[in-house]
Amino acid sequence: MNVNQERIKQLQQEMKAAGMDMYLVPTADFHQSEYVGTYFKVRAWLSGFSGSAGTLLVTADKAYLWTDGRYFIQAAKQLEDTGVVLMKMGEEGVPTVEEFLEEQLPENGCLGCDGRTIHVAEGKAFEEMLAKKNGILKCDKDLGGKIWTDRPEMSREPVYLLDIKYTGKSREEKIEAVREEMKKAGANTHIISSLDDIVWLLNIRGNDIMYNPVVLSYVMITMDKVYFYVQEEAVSEEVRGELEKAGIEICPYFAVYEDVKGLKASDKVLLEDICTNYTLYKAIPEQTEVVFEANPAAIMKGNKNQTEMENIRIAHIKDAKAMCRFIYWLKQNVGSGEVTEYSAAEKSLEFRKEDPDCLDLSFETICAYGPNAAMCHYAPTETQYAKVEPKGFFLIDSGGQYWQGTTDITRTIAVGELTQEQKEHFTLVLQGHIRLAMAKFQYGCSGANLDPLVRGPLWERGLDFNHGTGHGVGYLLNVHEGPQNINWRMRANGRRGNMTPFEEGMLTSNEPGLYLEGKYGIRTENLLLCRKAEKNGYGQFMEFENVTWVPYEREAILPEMLTKAERQWLNEYHKRVYEIVGPMLDEKERAWLLEATAEI
């Protein structure tokens, strides 16, 4: 019996003692964050699967792990010999967690979980399903945490302030704008649990989740007060003073659970059901009316203002310099036999950190050679990595956190001779990428409308990729941000971001790919700013502005597969790359870039 089997066995014993038939362990922290700090990685500790998305369900004698297509290959490897059954979300014949529970939970059964790690919509759905079976939901037990005896402490990294030259708006202006939206909803109280919304609203940042500069906290806004629930040792006197000037009162982190119990019948509370944990919601008195709407801050945050947009352009020029230097370094050194996936990842960080405005990475660097690149979110470690050979493809997906914004870029690089198949597949992915970059569309179009543009070249060949085409990106914030995304199908997290219309100022990734298990993976990613185009009798048209300036791999492109318009776009893009980045490079790097951006 391996360590994960032993841990799950312990959990099953705790379940039995608590009278639970099944126990649910999602990935989330108490704020429904996509990525979580080490304290909250209970699912990974129990199952052995380390991916950022997944739900573990433990029964009296078995365990099941649901994850999405980004992690199928990785999960299969990490769950081997653990006894945990992999449930491939979205695959034919694979039930959802909810469907599985409805079918397998016995009559009069009990489902357990830590109610702070499921959101309101999930909790209500579970209650409704259990009512049909005369069952109950016990959500007051953190059983995973109980058996994790050496669990790390909850992070309490220092909070720091973000200057208005980066934010474009003061915290007072943002709070007032949120209150205006509260009035429209008829609410006099607004509870915010989502960490990125909170730090955006208060013009602060932190480091409580690796690569995501957020602060573990809650906010409650009334019409005359703002309560900031945070681990007080994380707030310096300087930060406290600036927040108090804006009428923000600092309160203990866990006090929010007691404070909401004091809400009155005359209060009307605005909260977002998929961003607020179920335990916090259940603490609100029954007689207090709750309005479920999207956090106003989330929508405002997604539409970058003019100051943020200008800073974002600067951040991406800084990032382009680092990435161009990295690609040149890789091509010069791969023949030495000394380059590994891990050393390449470290080198890319080194180039970024040469800029004094780079604070950190925006996510764990994905450096993958050959078959490893077929695992979408594969990342090497100091002890587990592959050597990069001078043949085939090398994929790097990486990004930085700068004072001027957040970057995210993927390039698939030829490190040696390529096959005809590899070139065809690379060109198909590039075609879809270019089609989105060139898109002009009516206001009101969403990611669901635009996704077929990208997938078209692959679909015509009977090919596809099992992840979204694009996600929103924050400003010195989470690299994955809503409300928008580009995906033709709805994913299981409850958000309908693929139906959110594109607005001016939305920063979104453009990242089609293709993955052949055991062979190679290809992905090409730029970030796009949505902007208004012309307005005429047909309506308001929208378009995208590229902010990423790094060459595509010319050696991998088959020009005859591209249309005349696609070739023209590509050549104009490469011309701009050289104009922008060339002057920042040394003589040898500049000579390489001139060749890398030559006309096709």
Before giving the answer on side-chain hydrogen bond (donor to acceptor under 3.5 Å, both in side chains), spell out for Glu341 and Asn372 the whole-Å C-alpha distance, their side-chain angles and the decisive distance to 0.1 Å. CA-CA 10 Å; Glu341 294 167 328; Asn372 287 341; 2.9 Å; yes
Here the salt bridge (Lys or Arg N to Asp or Glu O under 4.0 Å) pairs for residues 395-406, sequence neighbours left out, are Asp397-Arg523
One pair to check against side-chain contact (heavy atoms from CB on, under 4.5 Å): Arg352 and Lys318. What are the steps and the verdict? CA-CA 8 Å; Arg352 280 195 170 94; Lys318 291 172 176 286; over 6 Å; no
Intermediate values then yes/no, side-chain hydrogen bond (donor to acceptor under 3.5 Å, both in side chains), Thr508 and Gln484: CA-CA 8 Å; Thr508 311; Gln484 82 282 13; 3.0 Å; yes
When the ring centroid of Phe40 is compared with that of His31, is the distance short of 6.0 Å? no
Hits for side chain to side chain contact (heavy atoms under 4.5 Å, CB included) against Ala320, two or more places apart or cross-chain, chain-then-number order -> Trp549, Val550, Val581
Under a plain distance cut-off of 3.5 Å, with no hydrogens placed, do Glu421 and Tyr520 share a side-chain donor-acceptor pair? yes
Of all pairs that satisfy ring pair (Phe, Tyr, Trp, His ring centres under 6.0 Å), the ones with a partner from residues 354-388, not counting sequence neighbours: Tyr71-His377
Could you tell me whether Asp68 and Arg70 make a salt bridge, using a distance below 4.0 angstrom between a side-chain N and a carboxylate O? yes
Partner of Leu507 under side chain to side chain contact (heavy atoms under 4.5 Å, CB included), chosen from Val473, Thr407, Asp408: Val473
I'd like to know if the side chain of Thr548 reaches the main chain of Leu527, judged simply by a donor and an acceptor atom lying under 3.5 Å from each other, with no hydrogens or angles considered. yes
So salt bridge (Lys or Arg N to Asp or Glu O under 4.0 Å) across residues 577-588, not counting sequence neighbours, yields Arg576-Glu579
The side chain to side chain contact (heavy atoms under 4.5 Å, CB included) partners of Lys387 (sequence neighbours excluded) come to Glu389
Any residue meeting side chain to side chain contact (heavy atoms under 4.5 Å, CB included) with Glu157, in chain and number order, not counting sequence neighbours: Ser155, Asn207, Asp208
Donor-acceptor contact below 3.5 Å, side chain Ser217 vs main chain Val215: yes
Assess the residue pair Glu91 and Asn466 against the criterion (side-chain contact (heavy atoms from CB on, under 4.5 Å)); give the C-alpha distance rounded to whole Å, side-chain angles, the decisive distance to 0.1 Å, and a yes or no. CA-CA 10 Å; Glu91 294 289 283; Asn466 203 352; 4.0 Å; yes
Tell me yes or no: between the side chains of Glu511 and Thr524, is some donor less than 3.5 Å from an acceptor? no
Hey, are Asn571 and Trp569 close enough side-chain-wise for a donor-acceptor pair under 3.5 Å? no
By side-chain hydrogen bond (donor to acceptor under 3.5 Å, both in side chains), which residues pair with Arg411, not counting sequence neighbours? Asn526, Tyr573
Is the side chain of Thr406 donor-acceptor paired with the backbone N or O of Leu476 at a distance under 3.5 Å, no angle test? yes
With sequence neighbours left out, write down each residue that passes side-chain hydrogen bond (donor to acceptor under 3.5 Å, both in side chains) with Arg461, or none if nothing qualifies. none
Only distances under 3.5 Å count here; give the side-chain donor-acceptor pairs of residues 590-600 to other protein atoms, sequence neighbours excluded, each with its distance to 0.1 Å.
unit_1 : atom_1 : unit_2 : atom_2 : d
Arg590 : NH1    : Leu585 : O      : 2.6
Thr597 : OG1    : Leu593 : O      : 2.8
Thr597 : OG1    : Leu594 : O      : 3.4

So which atom in Asn546 and which in Ala437 form the shortest heavy-atom distance, rounded to 0.1 Å? ND2-CB, 3.7 Å
In short, Thr67 meets Ala53 closest at the heavy-atom pair OG1-O, 2.6 Å
Looking only at atom types and distance, does a side-chain atom of Glu566 sit under 3.5 Å from a main-chain N or O of Thr563, one as donor and one as acceptor? yes
Pair Tyr166 + Tyr475: ring centers closer than 6.0 Å: no
The test is side-chain hydrogen bond (donor to acceptor under 3.5 Å, both in side chains); show your working for Asp464 and Trp459 and say whether it passes. CA-CA 6 Å; Asp464 202 359; Trp459 282 355; 3.2 Å; yes
Partners passing side chain to side chain contact (heavy atoms under 4.5 Å, CB included) against Gln5 (at least two apart in sequence or in another chain): Met1, Asn2
Looking at Thr55, is its backbone amide N or carbonyl O close enough to the side chain of Arg43 to form a donor-acceptor pair, meaning the two atoms are under 3.5 Å apart? no
Under the rule for salt bridge (Lys or Arg N to Asp or Glu O under 4.0 Å), what residues qualify as partners of Glu338, not counting sequence neighbours? none
For residues Ser33 and Leu195, report the shortest heavy-atom separation together with the two atoms involved. OG-CD1, 3.7 Å
So which heavy atom on His425 is nearest to which on Leu514, and how close? CG-CD2, 3.4 Å
Heavy-atom donor-acceptor pair, Asn311 side chain to Thr307 backbone, under 3.5 Å: yes
Would Arg531 and Phe544 count as a cation-pi pair here, with the cationic atom under 6.0 angstrom from the ring centre and within 45° of the axis? no
Of Asp355, Asp319, Asp357, which meets side-chain hydrogen bond (donor to acceptor under 3.5 Å, both in side chains) against Tyr402? Asp319
Would you name the heavy atoms of Met561 and Glu424 that are closest together and state the gap between them? CE-O, 3.7 Å
Tightest non-hydrogen contact, residues Pro26 and Thr117, listed as CG-O, 3.2 Å
Check for me whether the distance between the ring centres of Tyr552 and His574 falls short of 6.0 Å. yes
Identify whether the distance between the nearest side-chain nitrogen and carboxylate oxygen of Asp196 and Arg205 falls below 4.0 Å. no
I'd like to know whether Leu216 forms a side-chain contact (heavy atoms from CB on, under 4.5 Å) with Gln231, so could you lay out the CA-CA distance, the side-chain angles of the two residues, the decisive distance to 0.1 Å, and finally the verdict. CA-CA 8 Å; Leu216 288 173; Gln231 297 176 95; 4.0 Å; yes
Please determine if Glu310 and Arg313 form a salt bridge, counting it only when a charged side-chain N lies under 4.0 Å from a carboxylate O. yes
For residues 322-334, tabulate all N or O donor-acceptor pairs below 3.5 Å that involve a side-chain atom, not counting sequence neighbours.
unit_1 : atom_1 : unit_2 : atom_2 : d
Arg325 : NE     : Glu589 : OE2    : 2.9
Arg325 : NH1    : Glu354 : OE1    : 2.5
Lys331 : NZ     : Ala414 : O      : 2.9
Lys331 : NZ     : Glu553 : OE1    : 2.9
Lys331 : NZ     : Glu555 : OE2    : 3.4
Asn333 : ND2    : Trp329 : O      : 2.7

Full working for side-chain contact (heavy atoms from CB on, under 4.5 Å) between Val454 and His433: CA-CA 6 Å; Val454 184; His433 174 88; 5.9 Å; no
Exactly one of Gln401, Lys353, Gln404 clears side chain to side chain contact (heavy atoms under 4.5 Å, CB included) with Cys358, and that residue is Lys353
Is the shortest side-chain N to carboxylate O distance from Lys575 to Glu572 below 4.0 Å? no
Please check: side-chain N/O of Asn487 versus main-chain N/O of Arg489, any donor-acceptor pairing under 3.5 Å? yes
